Amino acid sequence: MSLIKELEKDIINIINTAGYNVVDPMFQTSSRPDLGQYQINCAMSLAKQYGKNPREIATDIVNELQKDNRFTNINIAGPGFINITLTNECLVNMLNQILQDMSVNIDKQDPKKIIIDFGGANVSKALHVGHLRSANIGEALKRLARLLGHEVLGDAHLGDYGRPLGLVVLEIKKMYPELPFFDENYEGDFSEVELPITNEDLERIYPLASIKSKEDENYLEEAREVTAKIQSKTRGYYDIWKKVVEISKEDIKKVYDTLNVYYELWQGESDAVEYFDELNEIFEKANILEESEGAKIVEVKEESDTSPMPPLLFLKSNGTLSYQTTDLATILERMKNYNPDEIWYVTDNRQCLHFEQVFRAARKAKLVDENVVLEHIPFGTMNGKDGKPFKTRDGGVMSLKNLISLVKEETVKKIALGSVTEEEKAEISETVAIAALKYADSLPYRATDYVFEIEKFADLEGKTGPYLLYSTIRMKSLLTKAKDIDYQKMHILNSETEQDIILTILNLPNILTKSIEAKSLNEIAEYLYKLTSQYNKFYNENKILVEENEKLRESWLVLTKVVYDINSLLLDVLGIKVPEKM
Ligand code: ARG
């Protein structure tokens, strides 16, 4: 349990000793720092419970608090708000414990097994700007949940099923009709056949085939046939499809690598399709499938609905599966293989209806136990200055790779690297660019839209990734320079700035808990900025390494070390790497 939580427990005991039974003392950081560091606000509710005047209750509590030498400046404000301040000795003591063991500044949660479905990549289509947020938020939530004690599996859930794949294979067939994959009489081993196609080709082929299918009815019909052949695992077609998936997957992995995003599972929609028969049986048994114009549907409307809730399309009239059904089959697959307590889905907020339908149908069919949590974690859009989804200059869809290059060009201008090779420079500017992008993406509350402002994101000053990296590297280099100094603990607390830093440090458990509850990164991003700015103020106020008072110098180094550790921890939670220098 965190030190601050323990302190809260002690406060509960003190209030009990004062004669009042309290569950939540409403102990929180003060909104009026001039009156004290923390507030205890439960006197008002206790007054109702005990039929007493709140000030009288507050006075009783204060009398008990005064016996505890950790507190100072205890006073009552207004109707019965109790203000308290921790003594410097207490703050120093807590900081020293955190220095020894960071886990006393984190509140672990009751451990759950969680699958996070994020990223949203589709085979043979280039990742575009729209994919940034799912990858960024999903990866960070995965790391945060792990930090808080959960067992987490990230699943890429590749879009590898359906018409787009048929279109791509058809277009390849038009380009290379002589390939053995399309030769019914070919009896050789397909795994030995080279596919003369790169990922760049694939990224061109899909848009081309998509346009053709819209303009030409025959082409579309052919694509349908090819799709059906792939889905029924027809020899040749199925084999070329698998190769296309591999080529595409390799490239998707590379982009995710650059973004510091990783998966334990690389399942695809097509893997779930294998579970359809079993799913169908469950739905049949539950007796919730209805016929509608040759299709099978599930009614998911509820009386309390205030907006339209169309039925879920379970099986299309042509016998193929809808996107909803692949998600239902995926739930079945996940329950059977991993039996998670929770499944989280990180997609943009245009998929809210989709997941509501899927979850309702899953519950109706009792596909999951009642206490299994299925949660959609929707996010807003990254927009251009015009308030519309961010596009290329000529209004096209911008690929994620291009977006990263764009930010890299900007960061390379800002960082003045001395004697490094061109290669190092490229690597550092990429790390800084990714930090700029990911931090900016983490800063707004998840569900809101934000505007892509490259100059602002890449700035070395202000609430930016580069500012945090620069400051964190500076802390590290200070600690490296001090490597011969034996700093074991903080001895003295010298200034208000130092007090502020320790109070911010003690607030970390609270920030982490709030972030996982909201499944948003904004509080962590704000916290990092606050702690770093406070530290930089302290850094500018003091000459740490040349300080003559040894005890003071050691104390300052300890403070630096703890802030550095927290920054490293939280940047890692956000999936942001810290370069050696910049
Ligand atoms: N590939 C999908 C898309 O591009 C997103 C997948 C989200 N996950 C899910 N289980 N449906 O929209």
Side-chain angles (χ1 to χ4, degrees), residues 114-139 141-142 152-168 202-203 206-207 210 244-245 248-249 251-253 255-256 261 263-276 279 300 312-314 320-338 340 342-362 367-368 372-382 389 397-400 446 519:
I114 304 168
I115 292 183
I116 311 186
D117 176 320
F118 70 99
N122 296 311
V123 163
S124 77
K125 291 195 217 170
L127 287 166
H128 56 77
V129 286
H131 289 106
L132 172 71
R133 300 212 75 192
S134 181
N136 182 44
I137 297 169
E139 176 72 22
L141 290 179
K142 184 180 86 184
V152 194
L153 293 171
D155 185 4
H157 193 72
L158 275 186
D160 63 354
Y161 182 80
R163 176 114 21 102
L165 271 299
L167 282 170
V168 169
L202 283 181
E203 288 178 1
Y206 175 71
S210 169
V244 168
V245 172
S248 186
K249 200 151 101 178
D251 188 70
I252 291 169
K253 271 190 183 157
V255 182
Y256 283 147
V261 167
Y263 295 94
E264 284 66 45
L265 304 174
W266 279 91
Q267 296 296 100
E269 287 174 15
S270 66
D271 294 300
V273 172
E274 311 282 323
Y275 290 77
F276 176 70
L279 183 81
V300 288
L312 176 142
L313 181 56
F314 189 77
T320 59
L321 311 188
S322 69
Y323 178 42
Q324 280 102 326
T325 313
T326 58
D327 260 327
L328 285 168
T330 307
I331 294 177
L332 177 62
E333 176 192 6
R334 288 175 178 158
M335 293 319 294
K336 287 185 79 130
N337 296 339
Y338 306 102
E342 309 198 359
I343 308 177
W344 302 353
Y345 299 83
V346 187
T347 82
D348 73 46
N349 49 25
R350 283 170 303 187
Q351 297 205 26
C352 286
L353 177 67
H354 164 79
F355 284 106
E356 189 57 34
Q357 290 176 307
V358 170
F359 297 165
R360 285 186 186 191
L367 208 52
V368 295
V372 171
V373 174
L374 299 173
E375 184 171 351
H376 180 215
I377 301 169
F379 54 81
T381 321
M382 181 176 95
V397 177
M398 180 173 284
S399 77
L400 194 45
R446 161 178 55 78
K519 307 227 168 45

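One-based numbering, in listed order, for ligands and for the atoms of each. Only a predicted model underlies this, so the values are computations on that prediction, with no experimental measurement involved. Sequential numbering from 1 along the given sequence is applied to the chain's residues.
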(message) Minimum distance, heavy atoms only, to atom 10 (N) of ligand 1: which one of Ile331, Asp327, Asp348 is it?
(response) Asp327
(message) Among all protein heavy atoms in this structure, tell me which lies nearest to atom 12 (O) of ligand 1, with the distance rounded to 0.1 Å.
(response) Gln351 NE2, 2.9 Å
(message) Could you go through Glu269 and Val273, starting from their C-alpha distance and side-chain angles, then the distance that decides it, and tell me whether this counts as side chain to side chain contact (heavy atoms under 4.5 Å, CB included)?
(response) CA-CA 7 Å; Glu269 287 174 15; Val273 172; 5.6 Å; no
(message) Looking at ligand 1, would His131 count as a contact under a 4.0 Å heavy-atom criterion?
(response) no
(request) Taking all non-hydrogen atoms of both residues into account, name the closest pair between Ile343 and Arg334 and its distance. (result) CG2-NH1, 3.7 Å
(message) Any nitrogen or oxygen of Asn122 lying under 3.5 Å from a nitrogen or oxygen in ligand 1? Just yes or no.
(response) yes
(request) Would you indicate whether the side-chain heavy atoms of Ile116 and Ile114 approach each other to under 4.5 Å? (result) yes
(message) Using only atom types and a distance under 3.5 Å, with no angle test, would you say the side chain of Thr325 pairs donor to acceptor with the backbone of Phe314?
(response) yes
(request) Look at ligand 1 and say whether Thr330 reaches it with a heavy atom at a distance under 4.0 Å. (result) no
(message) Can you confirm, on distance only, whether ligand 1 has an N/O atom lying under 3.5 Å from any N/O atom belonging to Asp117?
(response) yes
(request) Identify, by atom number and element, the atoms of ligand 1 in contact range of Thr347, meaning under 4.0 Å from any of its heavy atoms. (result) 7 (C)
(request) May I ask which of Tyr345, Tyr323, Phe355 has a heavy atom nearer to atom 6 (C) of ligand 1 than the others do? (result) Tyr323
(request) Classify the angle between the aromatic ring planes of Tyr323 and His354 as parallel (below 30°), tilted (30 to 60°) or perpendicular (above 60°). (result) parallel
(request) Kindly assign one of parallel, tilted or perpendicular to the pair Trp266 and Tyr263, based on the angle between their ring planes and the thresholds 30° and 60°. (result) perpendicular
